[in-house]
2 protein chains.
Amino acid sequence: MPDLDPALAYDVTQFERPSVTADIVIFTLRHRTLQVLLIQRKAWPFEGLWAIPGGFVRMEETLEAAAERELREETGVTDAALEQLRAYGDPGRDPRTRVITLAFTALIPSDRVILRADTDAADANWFPIDDLPLPLAFDHIKILEDAHKSLRAKVEAGYVARGLLPAKFTLTQLQEVYETLMGRELDKRNFRKWILSLGILSQTTEEVRGAHRPAALYEFAG
Amino acid sequence: MPDLDPALAYDVTQFERPSVTADIVIFTLRHRTLQVLLIQRKAWPFEGLWAIPGGFVRMEETLEAAAERELREETGVTDAALEQLRAYGDPGRDPRTRVITLAFTALIPSDRVILRADTDAADANWFPIDDLPLPLAFDHIKILEDAHKSLRAKVEAGYVARGLLPAKFTLTQLQEVYETLMGRELDKRNFRKWILSLGILSQTTEEVRGAHRPAALYEFAG
DNA sequence: TAAATAGTGTCTATAAGACACTATTCT
DNA sequence: AGAATAGTGTCTTATAGACACTATTTA
């Protein structure tokens, strides 16, 4: 059967349909800690518990547009790079009805976020990925675990977390991002050798003058 | 908004819901070529075009169970390792109604397959991934491209395609699988050094006696 | 004994990691 | 001058790849 059973012509109404939502795992770095944005549920089910922000996919929007809209509504951030994680759809994961959720991840710099506890949420807040307000609503702990695992795998494989940095940054700042994501300290000389060898950075003419020796500012090339 | 908008209580019926299908990219090796199983559509839309097999996710089954059921219905194969690829859901990808499809991939040995052109399909057949009967129905060419890219990435990263081999096999057979998946020839000594160093194979006491020097049979350990 | 496939080891190049000091600026 | 951060090079080890011959069996 391709997509819809051709034998049924296109009377799709005869099948009961699930609800489809887009949930979005929003990662940021705060206080040198990897944190996620959660909202506190106002109503049944799981009233009072914390959950990953998300909402219905509307009939006229793409899946990515739904996730972008949710991100914008929750954080005001408009141009983050979103990635699909996977779908979660066990019957019973939502006590109301069959709900299939498409999980997305986003990495954003925390200073660009304006938290909005909107009408649906009692509260919205950041939590360290290693210190979550358990239990979470629905199967959201599983989604967070998968998102964290996926992020770690990408970072270990050399994925560069552009989304977590301002446009211009020092190599020390970049190294701190990596150290936080990888959960261990890195050697400064090896890190610089490696990151510069990737050819994805270009040095600007600017430098940042702090309390001591100024540091060169870099940006992502291309 | 977590999953379903709590402000709406649980009256989920007020939102129009999309149809959700599971489509499954079934890979196999035939004649030293990577091939996929396609079915030919019997009815509008895209009547006569070839498509990836798939069907509705039923209300009481998990997403994985839906994909397994489709695989079984199309091929008779029951215990293949299925993996989620991603969701495809652009409005308009199906002219009948909004259809969000969850794409899965499976790797199976072609000798275990009994093709069944069931009631929904005019025909079912294998096609080399590099020689597809274009154009395909829906956005299925995009799904196949993504599935192929994902497979190549996994193989390059050392993923071992257990699913494509019989329970016991020679190292030469295993090497041929890798060569086909990677699209290039491999050095026999280097391949054996590498695959044995992974520690995932164990040698059986059996050997296969063909036209010439017998080859040792291996199996996956664990 | 010829044909066909199975099976084996070394050397080289590259990448990753351990490791410590000098340079510049500010107060 | 002292404190603080920026910036730099070598050696070692592990991994990946190039490369060619011997071993065993059947017809």
Side-chain angles (χ1 to χ4, degrees), chain A residues 29 31-32 152-161 165-221, chain B residues 29 31-32 152-161 165-221:
Chain A
L29 293 185
H31 319 305
R32 296 218 194 170
R152 267 193 303 243
K154 279 191 275 191
V155 171
E156 292 285 347
Y159 170 82
V160 178
L165 285 158
K168 296 178 183 178
F169 47 85
T170 67
L171 292 184
T172 298
Q173 285 177 311
L174 182 56
Q175 182 175 345
E176 284 168 357
V177 168
Y178 269 82
E179 288 178 336
T180 301
L181 292 178
M182 297 177 78
R184 63 186 171 96
E185 298 199 338
L186 301 173
D187 179 85
K188 188 200 267 195
R189 289 158 293 185
N190 292 339
F191 176 78
R192 285 170 184 233
K193 233 187 316 179
W194 172 72
I195 198 78
L196 292 174
S197 78
L198 294 183
I200 56 175
L201 298 183
S202 58
Q203 188 172 353
T204 69
T205 55
E206 299 168 65
E207 45 184 33
V208 57
R209 311 184 79 79
H212 300 288
R213 176 173 177 178
L217 281 171
Y218 287 77
E219 61 190 359
F220 287 105
Chain B
L29 293 186
H31 318 305
R32 294 218 195 170
R152 265 192 304 242
K154 279 192 275 191
V155 171
E156 291 285 347
Y159 169 82
V160 179
L165 287 159
K168 295 178 184 177
F169 47 86
T170 67
L171 292 184
T172 299
Q173 285 178 311
L174 183 57
Q175 181 175 345
E176 283 169 358
V177 168
Y178 270 81
E179 288 178 336
T180 302
L181 292 178
M182 297 177 77
R184 63 187 170 95
E185 298 200 338
L186 301 173
D187 179 84
K188 187 200 270 194
R189 287 159 294 185
N190 292 338
F191 176 77
R192 285 169 184 235
K193 235 188 313 180
W194 171 73
I195 198 78
L196 292 174
S197 78
L198 295 182
I200 56 176
L201 298 184
S202 58
Q203 188 173 354
T204 69
T205 55
E206 298 169 67
E207 46 184 30
V208 57
R209 311 184 78 80
H212 299 288
R213 176 174 176 176
L217 282 170
Y218 287 77
E219 61 190 359
F220 288 105

Item to complete: List the protein contact pattern of nucleotides 7-16 of chain C with one symbol per nucleotide (5' to 3'): B for base contact, S for sugar-phosphate-only contact, - for none; contact means a heavy-atom distance under 4.0 Å.
Response: BBBB------

Response to the item:
Glu207(A) meets the side chain to side chain donor-acceptor pair (under 3.5 Å) criterion, sequence neighbours left out, with Arg209(A)

Practice prompt. Write down the distance between NE2 (His212(B)) and P (dT1(C)), rounded to a whole number of angstrom.
Written response: 18 Å

Practice prompt. Enumerate the residue pairs fulfilling salt bridge (Lys or Arg N to Asp or Glu O under 4.0 Å) with a member in residues 172-184 of chain B, sequence neighbours excluded, ordered by first and then second residue.
Written response: Arg32(B)-Glu176(B)

Discussion item. Tell me the interatomic distance from Tyr178(B), atom OH, to dG17(D), atom P, rounded to whole angstroms.
Written reply: 13 Å

Worksheet entry | Those residues that, when tested against Ile200(A), pass side chain to side chain contact (heavy atoms under 4.5 Å, CB included) (two or more places apart) | Val160(A), Leu198(A), Phe220(A)

Discussion item. In this structure, how many angstroms lie between the C1' atom of dA6(C) and the CD1 atom of Ile195(B), rounded?
Written reply: 17 Å

Fill in: CD (Glu185(A)) with more than 12 external heavy atoms under 6.0 Å
no

Practice prompt. Take atom CG of Leu186(B) and atom P of dA18(D), then tell me their distance rounded to the nearest Å.
Written response: 10 Å

Worksheet item: Nearest-Å distance, CD (Glu185(B)) to P (dG17(D))?
Response: 15 Å

Discussion item. Can you list everything that forms a side chain to side chain donor-acceptor pair (under 3.5 Å) with Glu206(A)? Sequence neighbours excluded, please.
Written reply: Lys168(A)

Practice prompt. For Ala153(B), enumerate each residue passing the side chain to side chain contact (heavy atoms under 4.5 Å, CB included) test, keeping only those at least two apart in sequence or located in another chain.
Written response: none

